Chemist: 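Below you'll find the structure I mean.
Numbering of ligands and ligand atoms starts at 1, following listing order. Numbers here simply count residues along the sequence, with the first being 1. In this text, all values refer to a predicted model and were calculated from it rather than measured experimentally.
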Amino acid sequence: MKKVLEVKDLHISFHTFAGEVQAIRGVNFDLHKGETLAIVGESGSGKSVTTKAIMRLLPESNSKIKEGEILFEGKDLTKLSDKSMQKVRGKDISMIFQDPMTSLNPTMKIGKQIIEPIVKHQKLSKAAAKKRAIEILDLVGIPNPEERFEQYPHQFSGGMRQRVVIAIALACNPKVLIADEPTTALDVTIQAQILELMKELQKKIDTSIIFITHDLGVVANVADRVAVMYGGKIVEIGTVDEVFYNPQHPYTWGLISSMPTLDTEEEELYAIPGTPPDLLHPPKGDAFAPRNAYAMKIDLEEQPPMFKVSDTHYAATWLLHPDAPKFEPPAAVQRRQREFLEMKEGN
Ligand SMILES: Nc1ncnc2c1ncn2[C@@H]1O[C@H](COP(=O)(O)OP(=O)(O)OP(=O)(O)O)[C@@H](O)[C@H]1O
Ligand SMILES: [Mg+2]
């Protein structure tokens, strides 16, 4: 499959009063044409920093890409001039954030806000840009787009505003769309609608999508592949089926065990014990080791490499070493595996 984006051995640090925060510690992944890749992981695992680096939106004052490349159509974005990067941003790669209100200008009509990037990047006439803006409002499910075009953000509900933000991001047919927790600030029903929209868009347009979320539950619905981040690294990556139904990393086991399901509502929801690593002083071994019930001596001493599970599935845990003892995953994970097998056999 054609690669649109290749992130290679990315290391990013922040300089703070307390010292150097090693936020991203060797991240590698590819994004294929037309696919949706979900990035999941706890707060602070590095999801936003990784994608802000792609957009070159990290604060210049205290952040530094220490190592690595971000290749977009063969160009290393980390080395592009600010001027060239401005052309990439919004046109080739665009990003939507959690809170639609901060992304919109409250004093400017919606239509104008959609037209701006189109006129800037695509050099269309005003009339052609307006036509495109109305098309795209329609595409993201805004009723009466001609009328809505003339309105201001405060005349839209939260969910409708997020649709407008998505419209602006899609206005120039970007090759990559990064959605950083696009539904977290919205209420549950609206969340579901926006996720449904993302799913529909994925079918209608051939933009590749990076979808960041805390919520493993939404991943199965929207993504083709999943990358699980922990402590500034990707610890497991694979297709949705592989990561959900054949997870290998104990951290992924923990995430899956902490997902609510219909028949576990009576029980108390599982939470992974312990706290994330201190990235001012990253641990020598596997960053998850102190929270890992399956940790071995080597987990505390050496960082595991990415072991291959299949051509599309990799995980960084010493449990995959040929000499490691074999553990059964926790009951909640096994239950999902069984459900999956039953579903497959049923088909
Ligand atoms: N401007 C900054 N200065 C110092 N440290 C930062 C800065 N931005 C991010 N970090 C650190 O980088 C690490 C990764 O942060 P990031 O925002 O990528 O997490 P995240 O996975 O997106 O979390 P969340 O789910 O809460 O959004 C964290 O340890 C965070 O404290
Ligand atoms: Mg974030």
Chemist: Tell me whether Arg56 is salt-bridged to Asp82, with the criterion being a basic N under 4.0 Å from an acidic carboxylate O.
Modeler: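 Counted as a salt bridge, because a side-chain N and a carboxylate O are separated by less than 4.0 Å.
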Chemist: What part of Asn62, side chain, backbone, both or neither, has a heavy atom within less than 4.0 angstrom of ligand 1?
Modeler: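 The part of Asn62 near ligand 1 is the side chain, not the backbone.
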Chemist: Quick one: are Met160 and Pro143 in side-chain contact, heavy atoms under 4.5 Å?
Modeler: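 Yes, side chains in contact.
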Chemist: Just jot down the ligand 1 atoms closer than 4.0 angstrom to any heavy atom of Glu42, in number order.
Modeler: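 By the 4.0 Å cutoff, the relevant atoms are 21 (O).
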Chemist: Going by heavy atoms in the side chains, are Phe72 and Asp92 under 4.5 Å from each other?
Modeler: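 Counting from C-beta outward, Phe72 and Asp92 do come under 4.5 Å.
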Chemist: Identify which of Ser48, Ser13, Gly41, Gly46 has a heavy atom lying nearest to atom 17 (O) of ligand 1.
Modeler: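 Ranked by closest heavy atom to atom 17 (O) of ligand 1, first place is Ser48.
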Chemist: Which residue owns the protein heavy atom closest to atom 18 (O) of ligand 1, what's the atom, and how far is it?
Modeler: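 Nearest neighbour among protein heavy atoms for atom 18 (O) of ligand 1, to 0.1 Å: Val49 N, 2.8 Å.
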Chemist: Which heavy-atom pair separates Pro283 from Pro277 by the least distance, and what is that distance?
Modeler: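 That would be CD-CB, 4.1 Å.
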Chemist: When the ring planes of Tyr152 and His154 are compared, do they come out parallel, tilted or perpendicular, using 30° and 60° as the limits?
Modeler: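 Because their plane-to-plane angle is under 30°, the rings of Tyr152 and His154 count as parallel.
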Chemist: Under 4.0 Å, counting heavy atoms only: does Met229 come that close to any atom of ligand 1?
Modeler: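 Per 4.0 Å heavy-atom rule, Met229 does not contact ligand 1.
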Chemist: Does the structure place the NZ or CZ of Arg148 under 6.0 Å from the centre of the six-membered ring of Phe156, at an angle of no more than 45° from the ring's axis?
Modeler: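 Output yes; distance and angle both within limits.
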Chemist: Determine, for Glu116 against Lys120, whether the closest basic-nitrogen to carboxylate-oxygen distance falls under 4.0 angstrom.
Modeler: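 Salt bridge: no.
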Chemist: For atom 31 (O) of ligand 1, state whether the nearest protein heavy atom is under 4.0 Å away.
Modeler: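 There is no protein heavy atom less than 4.0 Å from atom 31 (O) of ligand 1.
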Chemist: Could you name the option among Ser43, Ala18, Gly44, Pro59 that has the heavy atom nearest to atom 28 (C) of ligand 1?
Modeler: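 Minimum heavy-atom distance to atom 28 (C) of ligand 1 goes to Gly44.
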Chemist: Is any NZ, NE, NH1 or NH2 atom of the basic residue among Asp206 and Lys33 found under 4.0 Å from an Asp or Glu carboxylate oxygen of the other?
Modeler: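 Looking at Lys33 together with Asp206, the answer is yes, because their closest N to O distance falls below 4.0 Å.
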Chemist: Counting only heavy atoms closer than 4.0 Å, does ligand 1 sit against the backbone of Lys52, its side chain, both, or neither?
Modeler: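 Neither part.
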Chemist: For Ser45, take its heavy atoms, then give the atoms of ligand 1 lying under 4.0 Å from any of them.
Modeler: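 In order of numbering, the contacting atoms are 19 (O), 21 (O).
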Chemist: At less than 4.0 angstrom from any non-hydrogen atom of Glu181, what atoms of ligand 1 do you find?
Modeler: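 Under 4.0 Å from Glu181, ligand 1 has these atoms: 25 (O).
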Chemist: Return all side-chain donor-acceptor pairs below 3.5 angstrom for residues 217-231, not counting sequence neighbours, or 'none' if the list is empty.
Modeler:
unit_1, atom_1, unit_2, atom_2, d
Asp224, OD2, Thr36, N, 2.7
Asp224, OD2, Gln202, NE2, 2.9
Arg225, NE, Glu35, OE1, 2.9
Arg225, NH2, Asp30, O, 2.7
Arg225, NH2, Glu35, OE2, 2.8
Tyr230, OH, Arg291, NH1, 3.1

Chemist: Is atom 7 (C) of ligand 1 near the protein, in the sense that some protein heavy atom lies at less than 4.0 Å from it?
Modeler: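 Under the 4.0 Å cut-off, atom 7 (C) of ligand 1 does have protein heavy-atom neighbours.
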Chemist: For the side chain to side chain donor-acceptor pair (under 3.5 Å) test, which of His121, Gln122, Lys91, Arg132 pairs with Asn173?
Modeler: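 In the set His121, Gln122, Lys91, Arg132, the residue that makes a side chain to side chain donor-acceptor pair (under 3.5 Å) with Asn173 is Arg132.
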Chemist: So if I count the atoms of ligand 1 from 1 in the order they appear, which ones are less than 4.0 Å from some heavy atom of Ala23?
Modeler: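 Those qualifying, in numeric order: 12 (O), 13 (C).
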Chemist: If you have a sec, work out which protein heavy atom is nearest atom 25 (O) of ligand 1 and how many Å separate them, to one decimal?
Modeler: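 Answer, as residue, atom name and distance: Lys47 NZ, 2.7 Å.
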Chemist: Can you confirm whether Leu124 sits close enough to Lys131 that some side-chain heavy atom of one is under 4.5 Å from a side-chain heavy atom of the other?
Modeler: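 They are not in side-chain contact.
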Chemist: Kindly determine whether Ile194 and Arg163 satisfy side chain to side chain contact (heavy atoms under 4.5 Å, CB included), including the steps that lead there.
Modeler: CA-CA 7 Å; Ile194 297 290; Arg163 285 174 195 263; 3.8 Å; yes
Chemist: Within a radius below 2.8 Å of the Mg ion (ligand 2), how many protein N, O or S atoms are present?
Modeler: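 N, O or S atoms of the protein closer than 2.8 Å: 1.
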Chemist: At what distance is the nearest protein heavy atom to atom 10 (N) of ligand 1, and which residue and atom is it?
Modeler: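 Answer, as residue, atom name and distance: Phe14 CE1, 3.5 Å.
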Chemist: I'd like to know whether Glu200 forms a salt bridge (Lys or Arg N to Asp or Glu O under 4.0 Å) with Lys203, so could you lay out the CA-CA distance, the side-chain angles of the two residues, the decisive distance to 0.1 Å, and finally the verdict.
Modeler: CA-CA 5 Å; Glu200 280 169 32; Lys203 284 187 213 130; over 6 Å; no
Chemist: Do ligand 1 and Thr16 have nitrogen or oxygen atoms that lie under 3.5 Å from each other?
Modeler: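 N/O-N/O distance below 3.5 Å does not exist for this pair.
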